[in-house]
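Single-structure report; data block below.
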Amino acid sequence: MINRLRFKEKSILLGITLLFSVVAVAQQWKPAGKKIKTSWAEKIDVNNVLGEYPRPIMVRKEWKNLNGLWDYSIQKKGGEAPKKGDGKILVPFAVESSLSGVMKEVGAENELWYNKTFTIPDNWDGSNILLHFGAVDWKSDIWLNGVKIGSHTGGYTPFSFDITPFLSSGEQKLTVKVWDPTSDGPQPRGKQVKNPDGIWYTPVTGIWQTVWLEPVAEKSIKNLKITPDIDNSAIKIKPLLTNASYGDIIEVTIKENNKVIAVSKASANEEVEIYIENQKLWSPESPFLYDLTVKLLSGDTTTDTVDSYFAMRKISKKRDENGVVRMQLNNKDYFQFGPLDQGWWPDGLYTAPTDEALKYDIVKTKELGFNMIRKHVKVEPARWYTHCDELGILVWQDMPNGDAAPIWQNRKYFDGTALKRSAKSEQIYRKEWKEIIDYLYSYPSIVVWVPFNEAWGQFKTVEITEWTQQYDPSRLINSASGGNHFQTGDILDLHNYPGPDMYLYDAQRVTVLGEYGGIGLPLEGHLWKTDNNWGYVKFKNSKETTEEYIKYAKKLKGFVKTGFSAAVYTQTTDVEGEVNGFMTYDRKVDKMDFKKVREINQEVINELTN
């Protein structure tokens with residue numbers, strides 16, 4: 001009895017100590033600055049930041065989140081590691097963001113240093129330990145326990161290291177150094193500039209997606225390349241493996257509504273092709289997903305197991321009875337209509353405050369009656385694409401623009417002007433574009449790749465388009481959305497502001513309106529900037545803004561029958577100085593009458609099949 005009481009007392013004391021520790025950590029952080037914030041900013045728990053599994057298309061049971069408070073320091077570029085930090089930063093929010101707790105600029109002349117200590121769970125003993133970074137903008141160098149273990153360039157894709165050989169007993173020390181030249185460099189950067197104004201936004205430097213640990217066996221599954229083939233009722237699964245040997249086997253199990261419908265085995269590294277009886281097709285109206293489990297077998301041992309999912313869907317093009325080349329979904333003409341989605345947040349910049357917030361814009365897009373999102377010059381965390389898969393929304397994925405723009409000629413076909421990138425700039429583009437496609441290949445919601453936008457960094461368009469088509473023949477390629485037009489790829493994409501216009505038409509390709517609209521409505525109390533807010537046209541209230549939107553949509557309807565197969569309205573939310581969103585930047589106000597917008601949007605979408 002005495003021992004039990006003493007144990008109970010120790011447990012209470014330990015609980016109190018942990019409680020005070022948690023409170024102390026929380027007191028080291030608060031959002032920086034006085035800019036507007038979303039309501040989710042108030043829900044952040046510094047001890048469990050973005051605590052959802054970060055890679056839902058390939059899930060293992062064991063993992064450890066390293067998000068939270070880290071030490072940081074901003075130092076001159078090229079200097080030694082700092083002896084002392086400048087303070088605490090909340091990872092994974094970029095240092096320029098409010099939610100980082102720092103809100104400081106870094107710039108091309110400086111480097112950002114991070115330090116974090118962590119321990120490996122005891123039950124992971126005997127496993128190989130992977131250290132994952134969701135995304136770090138732009139060049140990162142990583143040390144573990146004083147040993148440099150690797151580097152990475154590219155601000156939009158995940159990367160990882162097997163840190164097993166560099167682990168010590170007890171506590172581990174992780175150091176990350178980041179350099180990001182933003183608009184001073186040629187690298188992909190989207191809308192980031194060092195002097196934000198108008199359509200250009202605040203720089204994002206450093207870690208901006210989840211950092212996490214994962215135990216794996218020596219023989220493990222690194223990635224899955226999943227390709228649906230609805231014409232043959234088949235799904236193709238190509239595993240990418242680590243340390244697999246000849247004789248190892250991949251076992252694939254498919255479930256439909258928790259019922260096993262197929263099991264197949266193949267030699268390791270072979271593609272598995274499985275027939276799906278009575279296939280259920282995925283669409284925005286019916287986003288059905290099959291469950292998938294993949295095992296790696298070595299002799300009598302299952303060395304690795306991952307859970308995934310897939311969808312049976314097809315994106316293609318076909319000439320209709322009037323001679324117009326149309327986009328098709330699952331072999332049927334399908335008008336794609338959605339907003340330009342920048343994916344920016346007033347408090348987190350590139351990073352949504354919570355997973356609920358990350359999902360929110362997609363939910364609101366569906367509420368508006370849209371069936372598509374153009375993800376504009378940004379790449380999102382893996383969970384965003386899974387939300388699109390589950391909710392049912394088509395995605396056009398842009399390559400984030402970089403380098404500089406030549407003369408913009410979006411109203412005529414190409415006549416000789418193009419950006420001549422340096423060899424280094426070209427190499428950066430090709431590397432990062434390939435990594436983005438590899439990262440996102442298996443998400444069924446993605447149906448269109450967009451290598452260039454409005455001539456920003458546009459170079460060797462035909463070559464880049466043809467490479468993209470060959471690398472992923474399962475999707476359509478929109479070579480240059482509103483850019484300098486070449487007769488290559490699958491899509492001619494026009495931009496026109498503010499109202500819709502079809503000033504070019506391509507009889508050989510799909511013709512789309514890749515951007516239009518931009519109707520502005522500044523709302524006091526919800527503005528990033530209190531003055532000098534920007535929109536293509538601006539109105540004084542929700543009624544006027546909604547009426548203008550409906551006027552444009554009715555005009556768009558007239559172009560659907562004559563040739564447009566898709567349209568993209570600018571934009572989902574206000575962003576910094578732009579006030580042309582359906583919602584305010586803080587997501588607290590819907591600026592239009594969503595019910596009326598939904599009704600007219602559905603009319604536009606249905607016009608093609610009426």
Which atom of [X] lies closest to which atom of [Y], heavy atoms considered:
{"X": "Val325", "Y": "Tyr505", "result": "N-OH, 4.4 Å"}
{"X": "Ala311", "Y": "Pro228", "result": "O-CB, 3.3 Å"}
{"X": "Val294", "Y": "Ile221", "result": "O-CD1, 3.6 Å"}
{"X": "Ser442", "Y": "Leu224", "result": "OG-O, 2.9 Å"}
{"X": "Pro400", "Y": "Ile436", "result": "CD-CD1, 3.9 Å"}
{"X": "Glu52", "Y": "Trp63", "result": "O-CH2, 3.5 Å"}

Would you say the side chain of [Y] lies within less than 4.5 Å of the side chain of [X], judging by non-hydrogen atoms?
{"X": "Leu608", "Y": "Tyr334", "answer": "no"}
{"X": "Phe310", "Y": "Trp282", "answer": "no"}
{"X": "Glu390", "Y": "Pro56", "answer": "no"}
{"X": "Thr365", "Y": "Pro339", "answer": "yes"}
{"X": "Leu131", "Y": "Phe118", "answer": "no"}
{"X": "Tyr156", "Y": "Pro188", "answer": "yes"}
{"X": "Met312", "Y": "Ile235", "answer": "yes"}
{"X": "Arg55", "Y": "His132", "answer": "yes"}

Using a distance-only test with no angle check, is there a side-chain donor-acceptor pair under 3.5 angstrom linking [X] and [Y]?
{"X": "Ser267", "Y": "Tyr246", "result": "no"}
{"X": "Thr210", "Y": "Asn67", "result": "yes"}
{"X": "Asn371", "Y": "Gln336", "result": "no"}
{"X": "Thr253", "Y": "Thr293", "result": "no"}
{"X": "Gln508", "Y": "Gln487", "result": "no"}
{"X": "Gln192", "Y": "Asp137", "result": "yes"}
{"X": "Asp398", "Y": "Asn453", "result": "no"}
{"X": "Asp472", "Y": "Trp449", "result": "yes"}
{"X": "Gln397", "Y": "Tyr385", "result": "yes"}

Does [X], at its [atom1] atom, have more than 12 non-hydrogen atoms belonging to other residues, nucleotides or ligands within less than 6.0 Å?
{"X": "Lys314", "atom1": "NZ", "answer": "yes"}
{"X": "Lys317", "atom1": "NZ", "answer": "yes"}
{"X": "Lys139", "atom1": "NZ", "answer": "yes"}
{"X": "Asp125", "atom1": "CG", "answer": "no"}
{"X": "Glu62", "atom1": "CD", "answer": "yes"}

Glu356 vs Lys359, salt bridge (charged side-chain N to carboxylate O under 4.0 Å, His left out): CA-CA, chis, key distance, verdict: CA-CA 5 Å; Glu356 180 186 4; Lys359 185 177 178 179; over 6 Å; no

Centroid separation Trp344 to Tyr350 less than 6.0 Å: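 Trp344 vs Tyr350: aromatic centres under 6.0 Å.
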
Specify whether [X] and [Y] have parallel, tilted or perpendicular ring planes, treating 30° as the upper limit for parallel and 60° as the lower limit for perpendicular.
{"X": "His376", "Y": "Trp456", "result": "tilted"}
{"X": "Phe370", "Y": "Phe337", "result": "perpendicular"}
{"X": "Trp212", "Y": "Tyr53", "result": "perpendicular"}

Quick check for you: to the nearest 0.5 Å, what is the distance between [X] atom [atom1] and [Y] atom [atom2]?
{"X": "Ile237", "Y": "Glu271", "atom1": "CD1", "atom2": "CD", "value": "9.0 Å"}
{"X": "Ser308", "Y": "Tyr290", "atom1": "OG", "atom2": "OH", "value": "14.5 Å"}
{"X": "Ser474", "Y": "Lys225", "atom1": "OG", "atom2": "NZ", "value": "8.0 Å"}
{"X": "Leu297", "Y": "Lys219", "atom1": "CG", "atom2": "NZ", "value": "11.0 Å"}
{"X": "Asn330", "Y": "Ile230", "atom1": "CG", "atom2": "CD1", "value": "4.5 Å"}
{"X": "Tyr309", "Y": "Ile57", "atom1": "OH", "atom2": "CD1", "value": "4.0 Å"}

Should the pair [X]-[Y] be classified as a salt bridge under the 4.0 Å nitrogen-to-oxygen rule?
{"X": "Arg326", "Y": "Asp333", "result": "no"}
{"X": "Asp180", "Y": "Arg189", "result": "no"}
{"X": "Lys364", "Y": "Glu367", "result": "yes"}

Stepwise side chain to side chain contact (heavy atoms under 4.5 Å, CB included) check, Glu380 with His387: CA-CA 11 Å; Glu380 293 287 359; His387 289 320; over 6 Å; no

Verdict with reasoning, Glu515 to Arg374, per salt bridge (charged side-chain N to carboxylate O under 4.0 Å, His left out): CA-CA 9 Å; Glu515 290 184 32; Arg374 180 179 169 204; 3.0 Å; yes

Over-ring placement of Lys434 relative to Tyr471, 6.0 Å and 45° cut-offs: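 Here Lys434 fails the 6.0 Å and 45° test against Tyr471.
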
Any donor-acceptor pair under 3.5 Å from Lys431 side chain to Thr153 backbone: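 Yes; at least one donor-acceptor contact below 3.5 Å.
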
Passing option when Trp384 is tested against Val395, Val379, Asp355, Asp361 for side-chain contact (heavy atoms from CB on, under 4.5 Å):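 Going through Val395, Val379, Asp355, Asp361 one by one, the side-chain contact (heavy atoms from CB on, under 4.5 Å) with Trp384 is satisfied by Val395 alone.
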
Worked verdict on Leu213 versus Ile163 for side chain to side chain contact (heavy atoms under 4.5 Å, CB included): CA-CA 10 Å; Leu213 300 170; Ile163 61 173; 4.1 Å; yes

